Amino acid sequence: MPLVKKTKKGDLVPKLKQFLATLCLGPISLGASLSWTAPVLPQLQNENSTSTVHLTTSEGSWVGSMVAIGVLTAALPSGYLADRFGVKKVTIGLVLPVLGFTAIVIFAQDVYALCFGRWLAGMASGGISVVGPMYISEISEVSIRGTLGSFFEFLIYVGVMIVVACGAFVHYITLTVIMGALAFILGVVFVFLPESPTYLMKCDRRSQAEQALLFYRPPDYNINGALDEIEECLHLGRKKTNIREALKSRAVRRAFLAAVGLTIIQQMSGIDSVLFYTVQVFQAAGTNLDPYMSSIIVALVELVSTVIAVFVIEKAGRKVFLYISCMGTGLCLATLALYYHLKVLDVYFTGMNVIPLVSVVVYSFMFAIGLGPVSYLVYGELFAPEVKGLAIGVTITTNWTCLFIITKTLPGMMDDMGPHVPFYMYSVLVMTGTIFIKFFIPETKGKTLSQIQMELEGFKCPNRDCSAS
């Protein structure tokens, strides 16, 4: 009999608390950091602007990609610190580098200061990427776990939308101050939310864990059953005291392979290149559409897409959405690359100018219903508590290593090889990812942690109802 019990129909308060916690984990700041360069770099690279800093294309690529270095600095330590001191303390602490980034941008006079500020923003983003999925998987009910994962992704695009919309009309310093103020407010709210029940159980604080779990559950929820399941998972995890020992487990090895492979596929879709350089992508297209307005349209579509994902994510298995997302983003990237290629060949036809906007809009939609929310959701579902912090840290480190390579090389590749080459490359790589998903990504929809771990070990799920459709 499953230990996790659904809340009563109409009992919305516990679920609203879970959504509030997801909001305060910092995904809006993560999205804002990712898209900050989209409206800001054109200001900084415009010689006629009133900015105190003026950047070359090469310097702009460093400012854009430096956030990935910050993530690489923070991803692994954040997982360790969350395991050692609790997700709550780490989440609150991540507000500090965002505020540091805000202060540095206000007073920056050269590219080095901006790079340092972006490094700090990257540290916050790396921490959010690690502790966010951890906390969501530990407080959420199985019935809405996928919805919360999609909501986390939705909030990332809220951050993107805020930056792109405000950045088209305000000075970049004003934009950065807005980001810092928002991060500070949400951090203050998180102070009043409970610590992760799993962390409290790990510290032998069962009564506090019970109160934390009750905060997110209705009064008649089977709290003791849920706490016993957490304790059982922690007991199994304690048998593996370090990563070398943990990797002897078939379940951990298969989970690592699935998570790392999926995160590489996610980055090979080129999503962060488009987020970082949206305005430049449309400027390179050379259409009569305004690049800033085009970027706002794309951000709005991304936002709407994640709303749709919140409502449909539990309608089918995780792998179904990943298949659709990989094929859809691949075809859109190929279409965009073909447009650039036709321009190089001086081939034009009626209606051709709308291809970049339409292809990027559909591309964003396809990413937002699969590779975006499902990837982060799967990271939080695959690993037992004892290795989750380290495992997600390794996964996020891999993700942002790929991000750094892609965002650092895209501007140069577009200038030196033509804009069609990198987008053809992304298209082939992401569509090839469907093969990996088929054979190496386990289905996790509707399954408890114990059931997922059993299947990773190679055992058939004992509960027939746990198999995802």
Side-chain angles (χ1 to χ4, degrees), residues 29-74 97-98 100-126 159-160 163-164 166-168 170-180 267 270-286 291-292 294-295 340 400-419 421-423 426:
S29 293
L30 173 56
S33 294
L34 288 174
S35 57
W36 184 81
T37 51
V40 171
L41 283 184
Q43 293 185 37
L44 298 177
Q45 292 174 342
N46 184 352
E47 295 181 357
N48 298 321
S49 72
T50 58
S51 303
T52 56
V53 183
H54 295 281
L55 305 178
T56 64
T57 299
S58 177
E59 289 172 338
S61 70
W62 277 110
V63 172
S65 58
M66 189 55 66
V67 69
I69 302 297
V71 172
L72 295 175
T73 305
V98 177
F101 164 66
T102 303
I104 288 171
V105 170
I106 292 172
F107 299 105
Q109 298 292 319
D110 54 40
V111 64
Y112 302 105
L114 289 177
C115 283
F116 180 65
R118 286 285 284 168
W119 176 73
L120 288 177
M123 289 186 66
S125 297
V160 172
V163 167
V164 172
C166 293
V170 304
H171 194 268
Y172 72 93
I173 291 180
T174 304
L175 172 66
T176 308
V177 170
I178 293 172
M179 291 168 52
Q267 280 303 319
I271 185 62
D272 288 308
S273 293
V274 176
L275 279 177
F276 278 43
Y277 307 115
T278 307
V279 174
Q280 289 96 320
V281 167
F282 286 114
Q283 287 175 337
Y292 284 94
S294 297
S295 65
Y340 286 130
W400 288 77
T401 299
C402 296
L403 183 147
F404 173 77
I405 294 170
I406 289 173
T407 56
K408 182 66 182 75
T409 57
L410 179 66
M413 290 177 69
M414 291 180 69
D415 286 347
D416 300 337
M417 305 170 66
V421 173
F423 290 105
Y426 299 154

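A quick note: this is a predicted structure, and the numbers were derived from the prediction, not measured.
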Report task. Starting at CD1 of I69, measure out to OG1 of T401 and round the result to the nearest 0.5 Å. Result -> 8.0 Å
Query - R118 side chain to S65 backbone, donor-acceptor under 3.5 Å - result: no
Report summary line: Rounded to the nearest 0.5 Å, the CD1 atom of I106 sits from the OH atom of Y172 at a distance of 10.5 Å
**Report entry** Nearest atoms (heavy-atom pairs only) where S35 meets V160
**Finding:** OG-CA, 3.3 Å
Query raised in the report: Are side-chain heavy atoms of V67 and W36 found at a separation under 4.5 Å?
Result: no
Report summary line: Of all heavy-atom pairs linking L175 and P39, the shortest is CD2-CG, 4.2 Å
Query raised in the report: Is the closest side-chain heavy-atom distance between T176 and V40 below 4.5 Å?
Result: no
Query raised in the report: Does some side-chain heavy atom of L403 sit less than 4.5 Å from a side-chain heavy atom of L34?
Result: yes
Requested in this report: Taking T56 for its side chain and E59 for its backbone only, find out whether a donor-acceptor pair lies under 3.5 Å.
Outcome: yes
Query raised in the report: Do the rings of F404 and W62 sit parallel, tilted or perpendicular, given the 30° and 60° boundaries?
Result: tilted
Report summary line: All heavy atoms of T37 vs all of P42, minimum pair found to be O-CD, 3.8 Å
Requested in this report: Supply the atom-to-atom distance K408 NZ to M66 CE, rounded to the nearest 0.5 angstrom.
Outcome: 9.0 Å
Report summary line: When every non-hydrogen atom of G100 is compared with those of L120, the smallest separation belongs to C-CD1, 3.9 Å
Report task. Heavy atoms only: give me the nearest G60-L41 pair and the separation to one decimal. Result -> O-CD1, 3.6 Å
Query raised in the report: Of all heavy-atom pairs between V71 and S125, which one has the smallest distance, and what is that distance?
Result: CG2-CB, 4.0 Å
Query raised in the report: Hey, what do you get for SG (C166) to CE (M179), rounding to the nearest 0.5 Å?
Result: 10.5 Å
**Report entry** Geometric class of the W119/F116 ring pair [parallel <30°, tilted 30-60°, perpendicular >60°]
**Finding:** parallel
Requested in this report: Quick one: pull up CG in D110 and CG in L55 and give me the separation to the nearest 0.5 Å.
Outcome: 9.5 Å
